[in-house]
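First up is the structure itself, then whatever we jot down about it.
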Amino acid sequence: MNKAQIDNAKVAIIGGGIAGLTAAATLAERGYSVTLFEASSQLGGRARTVVVENNNLMHLLDNGQHILLGAYRETLALLKKIGVNEITSFMRLPLQMNMQSASVELASTNATRSVFILKAAHYLPAPLNLLFGFIACRGLSIAERLAAIQMMRTLKKTHYKIISDIPLSKYLADQKQSARLITMLWEPLCLAALNTPLDKASTRIFLNVLHDSFEGKKSASDFLLPRSDLSQILSQPLARYIQSMHGTIKLNQRIRNIAEQNTADKIGFILKTSAEEFDFSHIVVAISSAKVSALLTTLPKLKQTVEHTEHYSFQPIYTVYLQYPLDTKLPCVMSGLTDSLSQWVFDRGQLCQQHGLIAVIISAKGIHQKITQDELALRVARELHVVYPQLQKPLWHKVIAEKRATFSCDANLYRPTHKTAQTNLFLAGDYTYADYPATIEGAVRSGLACATLIMNQ
């Protein structure tokens, strides 16, 4: 668009999650008139802060313990642009996986709890750092290590591409990855990246994540752990940036209806809330895929898109917070667990000065959904006690259950494009066609794509 067209454009962003905030920040920076509507009182979508009260004390917790990767190039570039200091906002850890068993039977054998340890050799350049990591890893036989190395060689040779998408479990079987190798390495990575069980997960999308993590700089495979709640790192700085660029943010404003308003010389829309009407030339719909259908039913050109998203399935993420005495400290900031419901364990005292607070992640569907939250917290506490005997009964607990946390990133899943059949209406969100899973990076990329489409019209 030229300057006159930019001046005449009025863009509505519906949804204040990371995708909507990214689109709004990008367009506002380029001089567009941008108004962002968020139905709730808080920005950030799934990357938001939850306030928990206990004994008259207020605790700020993430709605889920997030992990970012060094490969999240668009997210890191966006944070740099809006003035977020990566060093103070994240703890950067070179790739390492320390899987510990919560099996009670191990206690009688005096065996070590660490059943698998993989550390990339950070002093070597990529991809030698990962190759040496596999060679020196603990917990795998020589044959299993060679199988993992062979698979990585195959991926490099095929440029991490697959002709037709298949469930990841089948792909790993075709690559002769043993059951133990899958349990210790590939399944934890799949759950962390795609939040989808192996028998459903898209191989194509999983390989895209591996490509970005292992084929660039060695820092791309680093883990980035937030040092504070994500509202302080993401949504609040983005909101301040949008407003500094003269963008408008409207909280507690649910869009009830979208209607076309086309004339001979103008394409536009009327947006209705329960109390007001607004007119815009462009719309970016950046809400959850679960809510898209209800909002877009009044636009017949989007019938096919609506029908596809109506058939999406979703996966949960449970975060169990356990508060122990303030002097509690785990050997590692981040560890993985096997033989347990618990999957990943984080020491938030070392991360963000919430001393004695342990966060445990359980991704995707499972038997944990069939028990009460109090029972789940008790079971998780027991598993932690097996691995870390110094942990006794927690002082308090909080379970945050995002039952529809992400779309299920299944093989051959239809994902709508950002540009739709409705002129000047675009879709943003991690479920859209970004060749990436339901992650912060996927959301950022989709927001950037929609903004770019508008700017290139």
Side-chain angles (χ1 to χ4, degrees), residues 11-28 33-54 56-66 78-79 82 84 89 226 228-258 271-278 280 283-296 314 316-319 321 352 354 359 373 398-406 428-431 438 440 443-444 446-447:
V11 184
I13 312 290
I14 304 176
I18 301 304
L21 288 167
T22 301
T26 306
L27 290 167
S33 172
V34 174
T35 303
L36 186 147
F37 296 87
E38 169 54 42
S40 72
S41 60
Q42 189 176 12
L43 298 169
R46 293 194 308 276
R48 68 183 187 277
T49 301
V50 176
V51 180
V52 175
E53 182 178 358
N54 184 270
N56 296 321
L57 295 176
M58 308 302 290
H59 305 274
L60 297 180
L61 307 175
D62 283 320
N63 71 316
Q65 178 68 51
H66 293 264
L78 176 67
L79 291 176
I82 64 176
V84 174
S89 298
S228 61
D229 60 274
L230 284 178
S231 291
Q232 295 184 49
I233 296 176
L234 285 170
S235 59
Q236 292 173 10
L238 277 166
R240 289 193 294 268
Y241 185 82
I242 292 166
Q243 291 167 332
S244 73
M245 296 292 170
H246 309 293
T248 300
I249 296 176
K250 292 180 176 289
L251 299 177
N252 298 306
Q253 293 279 344
R254 183 181 299 277
I255 301 300
R256 306 285 182 179
N257 181 266
I258 301 175
L271 271 60
K272 296 181 180 180
T273 67
S274 58
E276 297 180 81
E277 289 188 2
F278 306 87
F280 291 93
I283 295 177
V284 177
V285 177
I287 59 179
S288 163
S289 58
K291 300 177 181 178
V292 164
S293 174
L295 183 63
L296 300 183
F314 297 86
I317 297 178
Y318 280 59
T319 305
Y321 288 101
C352 40
Q354 292 179 321
Q373 292 191 357
K398 176 66 177 178
V399 178
I400 298 178
E402 291 281 351
K403 297 182 179 179
R404 295 162 70 90
T406 68
D430 55 21
Y431 71 97
I440 290 173
V444 169
S446 72

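We number each residue from 1, following the sequence as shown. Since we're looking at a predicted model, the values are computed, not measured.
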Review point. Hey, what do you get for CD (Q253) to CZ (F278), rounding to the nearest 0.5 Å?
Key: 5.5 Å
Review point. What closest approach, in Å, do V285 and L295 show between heavy atoms, and which atom pair accounts for it?
Key: CG1-CD2, 4.1 Å
**Study point:** Value rounded to 0.5 Å, distance of CG in L21 from OH in Y241
**Key:** 13.0 Å
Review point. Given side chains that start at C-beta, do those of T35 and V11 come closer than 4.5 Å, heavy atoms only?
Key: no
Check your understanding: Closest heavy-atom contact between I287 and I14?
Key -> CG2-O, 3.5 Å
Review point. If you look only at pairs with a residue in residues 237-248, which of them pass as a salt bridge (charged side-chain N to carboxylate O under 4.0 Å, His left out), with sequence neighbours excluded?
Key: none
Exercise for review: Report the distance from atom NE2 of H66 to atom CG of L230, rounding to the nearest 0.5 Å.
Suggested key: 5.0 Å
**Study point:** Closest non-hydrogen atom pair, A24 against V34
**Key:** CB-CG1, 3.8 Å
Practice item. Sequence neighbours left out, what passes salt bridge (charged side-chain N to carboxylate O under 4.0 Å, His left out) with E277? Give chain and number order. Key: K272
Point to revise | From CA spacing to verdict: side chain to side chain contact (heavy atoms under 4.5 Å, CB included), L271, N257 | key: CA-CA 6 Å; L271 271 60; N257 181 266; over 6 Å; no
Practice item. Apply the test side chain to side chain contact (heavy atoms under 4.5 Å, CB included) to residues L251 and S41: give CA-CA distance (whole Å), side-chain angles for both, the deciding distance (0.1 Å), then the verdict. Key: CA-CA 5 Å; L251 299 177; S41 60; 5.5 Å; no
**Study point:** Point-to-point distance, once rounded to the nearest 0.5 Å, from CD of Q354 to OH of Y321
**Key:** 7.5 Å
Study note, to complete from the structure: For F314 and R404 the tightest heavy-atom approach is CE1-NH2, 3.1 Å
Check your understanding: Given side chains that start at C-beta, do those of L234 and L79 come closer than 4.5 Å, heavy atoms only?
Key -> yes
Exercise for review: Could you pull out all residues at least two apart from D430 that satisfy salt bridge (charged side-chain N to carboxylate O under 4.0 Å, His left out)?
Suggested key: R46
Study note, to complete from the structure: Between S274 and R256, the two heavy atoms sitting closest are N-CG, 3.8 Å
**Study point:** Separation of S235 OG from I18 CD1 (nearest 0.5 Å)
**Key:** 6.0 Å
Check your understanding: What do the steps show when you test L238 against L43 for side chain to side chain contact (heavy atoms under 4.5 Å, CB included), and what is the final call?
Key -> CA-CA 10 Å; L238 277 166; L43 298 169; over 6 Å; no
Check your understanding: So, for P226 and Q65, which heavy atoms are closest and what is the spacing to 0.1 Å?
Key -> CD-NE2, 4.3 Å
Practice item. Under the side chain to side chain contact (heavy atoms under 4.5 Å, CB included) rule, what do I249 and E38 come out as? Steps first, then yes or no, please. Key: CA-CA 8 Å; I249 296 176; E38 169 54 42; 5.8 Å; no
Check your understanding: Rounded to the nearest 0.5 Å, how far does OH of Y318 lie from CD of E402?
Key -> 10.5 Å
